[in-house]
Amino acid sequence: MANIPDKPTLDGIEERWAAQWDSDDTYRFDASAPREGVFSIDTPPPTVSGSLHVGHVFSYTHTDTIARFQRMSGKAVFYPMGWDDNGLPTERRVQAYYGVRCDPSQPYVDGFQPPFRGDPPKEHQAIPISRPNFLELCDELVEIDEELFEHLFRRLGLSVDWNLKYATIDERSRRISQRAFLRNVERGEAYTQEAPTLWDIDFRTAVAQAEVVDRSRSGAYHRIAFAQTDAGPGEAASIEIETTRPELLAACVALVAHPDDERFKPHFGTTVKVPLYGQHVEIRAHELAQPDKGTGIAMICTFGDTTDVTWWRELSLALRVIIGRDGRILPEVPAGVDVAAYESIIGKYPNQAQKIVVEQLTESGNLIGEPRRIEHDVKFYEKGDRPLEVVTSRQWYIRNGGKDSALRAALVARGDEVTWHPDHMRHRYENWVEGLNSDWLVSRQRFFGVPIPVWYRLDDAGEPIYDTPLLPDEADLPIDPSTDVPTGFTADQRDQPGGFAGDPDIFDTWATSSLTPEIAGLWEEDGTDRFDRVFPFDMRPQGHDIIRTWLFSTMTRSHHEFGVAPWGHAALSGWILDPDRKKMGKSSGNAQTPDGLLEQFGTDAVRYWAASGRPGVDTTFSEDQMKVGRKLANKLLNVTKFVLQFGAPSGDRSLDDAVTDPIDRSMLAKLDAVIDDATAAFEAFDYARALERTEAFFWWFCDNYVELVKGRTYNDERPEGADSAKRALREALGALQRLFAPILPFAAEEAWSWWNESSIHTAAWPTPCGDDTTPFGDPALADVTIELLTQVRRSKTEAKRSQRAVVESLVVTAPTALHAAIDAGRSDLIDAGSVLDLRVVEGAEVSTTVTLADED
RNA sequence: GGGCGCGUAGCUCAGUUGGUUAGAGCGCUACCAUGACACGGUAGAGGUCCCGGGUUCGAGUCCCGUCGUGCCCACCA
């Protein structure tokens with residue numbers, strides 16, 4: 001065709017084809033397709049917090065290969081893109097970018113301009129601004145970041161339908177998030193409760209179990225003597241405990257030992273006096289106390305850790321709270337605690353208070369021996385910098401089986417409705433669900449997020465009545481209870497006794513992103529039947545690190561709302577490892593920028609590397625693999641040019657009639673097996689296997705088959721043979737281009753465009769030429785001739801001669817059974833090997849004798 | 001402590017119901033300007049499949065165990 005360039009090149013094809021696909025709407029979802037004709041993808045909305053890294057390129061490429069395969073297989077592919085922009089990451093980025101911080105007590109400033117737009121100097125003190133001003137800046141920055149993300153994803157060639165874009169903070173997401181929550185409230189699946197929870201003192205918000213991580217920190221065991229208040233004659237006068245948190249002595253409410261521990265059995269029910277602070281606490285028994293830990297008896301404080309919470313609750317202990325929401329020791333002296341001693345630690349952070357308390361204990365003689373240094377794991381918020389504290393606060397929860405074994409079992413069973421890729425990832429899900437010990441805490445004391453859509457009546461004293469929250473009508477969603485007024489009230493009743501108050505909190509990010517199927521699928525949005533056409537989704541792609549958060553929370557919401565799993569397949573991507581086998585990430589400072597890689601190697605080359613990582617397997621970052629991908633894409637262009645150059649076969653015959661040469665039929669039979677394998681692999685979400693099979697065949701095709709038959713295509717004296725080869729070459733080429741299209745969308749489209757009118761990405765997925773009952777040819781036949789060709793090549797290489805060197809005589813020894821096969825490739829072998837004389841003789845083993853002509 | 005992976009050529013990895021002489025790419029070595037491709041081509045060297053048992057006619061593949069390595073969870077007085 002006329003469109004073949006003289007010099008095929010990969011340079012610039014990304015911009016050209018991305019623009020073409022955009023203007024042609026190549027990837028637009030057919031909204032009229034029936035459910036069974038749809039392949040729907042619950043795309044992970046990336047956190048928009050500044051920059052993309054190689055991990056994004058890796059996992060999004062995997063999904064895209066599946067999307068492209070399904071599209072070519074005839075499905076209407078529903079492939080949306082969302083931005084997860086609500087929540088803490090955005091707040092943090094806004095603070096860092098503009099040099100501000102949110103202070104809800106500040107008044108709104110109309111037309112506020114931040115002091116900086118990007119990179120405030122280090123010494124800059126963040127200026128406090130009102131919540132509405134802060135939210136405006138969030139909206140502004142999110143828009144900038146989202147443009148960068150979209151640009152990269154387009155450059156990466158994702159076949160997303162960009163008309164299906166959403167953001168987790170946009171109006172639709174807020175409406176759906178609030179609607180789903182209100183349904184949970186109505187059905188009793190969501191509830192509010194005042195209880196001790198893990199609390200980040202810097203972000204000043206509660207955090208959920210799923211967001212807690214352990215980090216190793218150094219600490220010390222302090223052995224402390226508690227005086228017994230009612231020791232009998234001759235008994236030890238004190239009981240010693242060990243603790244890593246002596247600063248919590250003032251919060252001590254009991255000591256606890258195991259009920260079977262003979263050492264302490266006599267003391268259960270007696271009391272001791274807490275050093276320094278003087279409060280009397282009882283010695284209690286509880287199964288959770290471990291005889292082999294420390295001295296075998298522990299102090300219970302309200303609250304040092306989550307075990308304390310359990311003890312406090314189950315033993316019905318008193319409450320002595322000393323740590324405030326800002327992490328400092330509270331000014332109020334707890335009941336029974338010595339005022340003078342307590343005053344010395346008021347206002348201190350725990351680590352500061354610990355120093356003071358240890359000094360005081362040393363002076364008082366209650367510290368036994370030297371503190372013993374240890375390394376131990378401490379709970380942190382995954383985004384936080386200081387250890388979590390336990391703070392009592394009122395929060396909203398959604399039931400997730402953490403406190404209900406029947407629900408837990410039901411959610412585990414939902415996991416069985418999903419096909420996991422790879423299968424072993426299901427264990428991570430089950431493991432997590434079975435290990436839950438609390439409900440899902442969804443409220444956060446933050447600013448940029450979906451508001452919790454409830455108000456509370458205030459009693460005559462102005463205290464909220466939490467038991468009967470005031471709920472909005474669904475028709476009014478989304479609402480913001482801090483500005484909207486509940487039905488039956490007027491704005492001037494806000495925060496007045498007898499009036500109402502809005503819930504000040506927002507939802508955690510996961511509470512909204514757990515609804516991505518509903519958001520992308522327009523669940524119960526007016527004027528659309530979209531949801532019925534896409535839900536349950538076919539595919540949920542995501543990283544295995546967020547099984548416990550995103551995957552599980554989505555499952556929970558779908559279980560409550562619809563009673564089904566939200567997708568049929570969950571495809572888990574692995575990590576990127578740097579060459580030292582460590583996880584690559586921003587934190588380790590070794591992340592390559594995706595833009596740089598795409599620029600340096602080309603998109604297809606980077607995608608090739610990504611697609612060579614097996615599903616769910618951690619994959620080494622490898623520029624070498626990208627070079628291989630570059631080479632492959634380049635080869636695809638060049639072999640296309642070469643094959644098309646031969647021209648089309650004459651006549652208009654069927655494939656079966658046109659391809660007469662057994663060697664050609666053998667090649668196409670081999671191709672059939674590849675098509676079958678690649679198709680099965682893609683259907684099973686194994687893009688890597690599909691690529692591997694296709695690639696292996698492709699190189700065999702280029703290096704052996706094309707070399708073998710090219711002489712025949714030039715041979716005007718054998719038009720039948722030439723036509724057979726040309727037809728077979730084109731058949732294989734078209735199939736190969738389509739097999740590669742999901743992985744190398746740009747090179748495949750470029751090569752395809754030289755001889756086809758419409759996009760390869762909407763072309764039909766290739767099907768085999770033959771079938772099981774009537775194979776198109778004998779796949780092994782061509783191998784016989786190619787083995788002989790290889791031996792001829794070897795002779796030339798060993799003689800250090802050019803492959804073009806003339807073979808004066810080639811004598812092939814082979815058993816009679818192979819003679820027919822050798823004969824089938826005889827003329828091709830003579831052409832490809834530059835053989836003057838070929839003789840075949842009978843012999844048990846295959847061997848060749850090659851006699852090269854002298855050099856000129 | 002519990003769960004789940006992984007250990008095959010110098011490197012990165014395939015190896016699908018157990019079956020002739022264990023594969024690929026990169027790298028390495030030697031060679032080749034041959035009708036598209038030097039971002040090319042041809043060929044070569046290179047492996048006690050972590051180790052030890054067992055099942056089997058036959059084990060890289062199945063079973064048991066050891067070691068190494070990674071992730072998740074629990075415990076963290």
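So that the names make sense, note that chain A is the first sequence line, chain B the second, and so on, each numbered from 1.
For B:rC37, there is no paired base (Watson-Crick or G-U wobble, both distances below 3.5 Å). Base pairing analysis places B:rG1 opposite B:rC73; the two distances defining the Watson-Crick or G-U wobble pair are each below 3.5 Å. Base pairing of B:rU12 is made with B:rA24, judged by Watson-Crick or G-U wobble geometry with both donor-acceptor distances under 3.5 Å. Pairing of B:rU17, defined by two Watson-Crick or G-U wobble distances under 3.5 Å, is not identified with any nucleotide. In a base pair of the Watson-Crick type (N1 to N3 plus N6-O4 or O6-N4) or a G-U wobble (N1-O2 and O6-N3), with each distance short of 3.5 Å, B:rA43 is matched with B:rU29.
Between B:rU42 and B:rU61, the distance separating the two P atoms is 34 Å to the nearest Å. B:rG1 sits 31 Å from B:rA9 when the P atoms are compared, rounded to a whole Å. B:rA24 sits 28 Å from B:rA36 when the P atoms are compared, rounded to a whole Å. On the P atoms, B:rU34 is 25 Å away from B:rG25, given to the nearest whole Å.
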Could you write out each protein N or O paired with an N or O of nucleotides 6-10 of chain B at a distance under 3.5 Å?
none

So which protein nitrogen or oxygen atoms get under 3.5 Å of nucleotides 24-27 of chain B's nitrogens or oxygens?
| residue | atom | partner | partner atom | Å |
| --- | --- | --- | --- | --- |
| B:rC26 | OP1 | A:Lys631 | NZ | 2.8 |
| B:rC26 | O2' | A:Asp624 | OD2 | 3.4 |

Protein and nucleotides 28-31 of chain B: nitrogen or oxygen contacts under 3.5 angstrom:
| residue | atom | partner | partner atom | Å |
| --- | --- | --- | --- | --- |
| B:rA30 | O2' | A:Lys800 | NZ | 3.4 |

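Comparing B:rA36, B:rC72, B:rC4 against the side chain of A:His424 picks out B:rC4 as the nearest. Which of B:rC76, B:rA14, B:rU16 sits closest to the side chain of A:Arg689 comes down to B:rU16. Closest to the side chain of A:Thr620, from the set B:rC76, B:rG41, B:rC13, is B:rC13. The side chain of A:Gln803 has B:rU34 as its nearest neighbour among B:rC75, B:rU34, B:rC4. Proximity note for A:Glu692 (side chain, C-beta onward) versus B:rA36, B:rU16, B:rA14: the nearest is B:rA14. Ranking B:rC73, B:rA36, B:rG41 by closeness to the A:Trp699 side chain, first place goes to B:rG41. Listed nucleotides B:rG3, B:rC71, B:rA43 differ in distance to A:Arg428; the shortest reach to its side chain belongs to B:rC71. In this structure, of B:rC13, B:rG41, B:rC72, it is B:rC72 that holds the atom nearest to the side chain of A:Arg548.
For A:Lys635 and B:rG41, the shortest distance from a side-chain N or O to OP1 or OP2 is below 4.0 Å. Note on A:Gln209: a side-chain N or O is less than 4.0 Å away from OP1 or OP2 of B:rA74.
Using the six-membered ring where Trp is involved, A:Trp420 and A:Tyr429 have ring planes that are tilted, between 30° and 60° apart.
No hydrogens or angles were tested; on distance alone, nothing pairs the side chain of A:Arg794 with the base of B:rU42 as donor and acceptor under 3.5 Å.
In this structure, A:Trp755 places its CH2 atom 15 Å from C1' of B:rA36, rounding to the nearest Å.
Using a 4.0 Å cut-off between charged nitrogen and carboxylate oxygen, A:Arg614 and A:Glu692 count as a salt-bridge pair.
A:Ala688 comes within 4.0 angstrom of nothing in the nucleic acid, heavy atoms only. When heavy atoms are screened at a 4.0 angstrom cut-off, A:Asp308 is found touching no nucleic acid atom at all. Residue A:Gln290 is classed as a base contact, given a heavy-atom separation below 4.0 Å to a base. Within the 4.0 angstrom heavy-atom criterion, only backbone atoms of the sugar-phosphate kind lie near A:Thr790; the bases stay farther away. As judged by a 4.0 angstrom heavy-atom cut-off over every strand, A:Thr307 is placed among residues touching the sugar-phosphate backbone only.
Sequence order on RNA chain B of the closest nucleotides to A:Glu707 and A:Gly296 puts A:Glu707 first from the 5' end. Both A:Tyr221 and A:Lys641 sit near RNA chain B, but only A:Lys641 has its closest nucleotide nearer the 5' end.
A:Asp6 pairs by the side-chain hydrogen bond (donor to acceptor under 3.5 Å, both in side chains) definition with nothing, not counting sequence neighbours. Remark: A:Lys631 pairs with no residue by the side-chain hydrogen bond (donor to acceptor under 3.5 Å, both in side chains) rule, at least two apart or across chains. Contacts of A:Lys627 classified as salt bridge (charged side-chain N to carboxylate O under 4.0 Å, His left out), with partners at least two apart in sequence or in another chain: A:Asp624.
For the side-chain contact (heavy atoms from CB on, under 4.5 Å) with A:Glu750, the lone residue among A:Leu744, A:Thr9, A:Ile13 that qualifies is A:Ile13.
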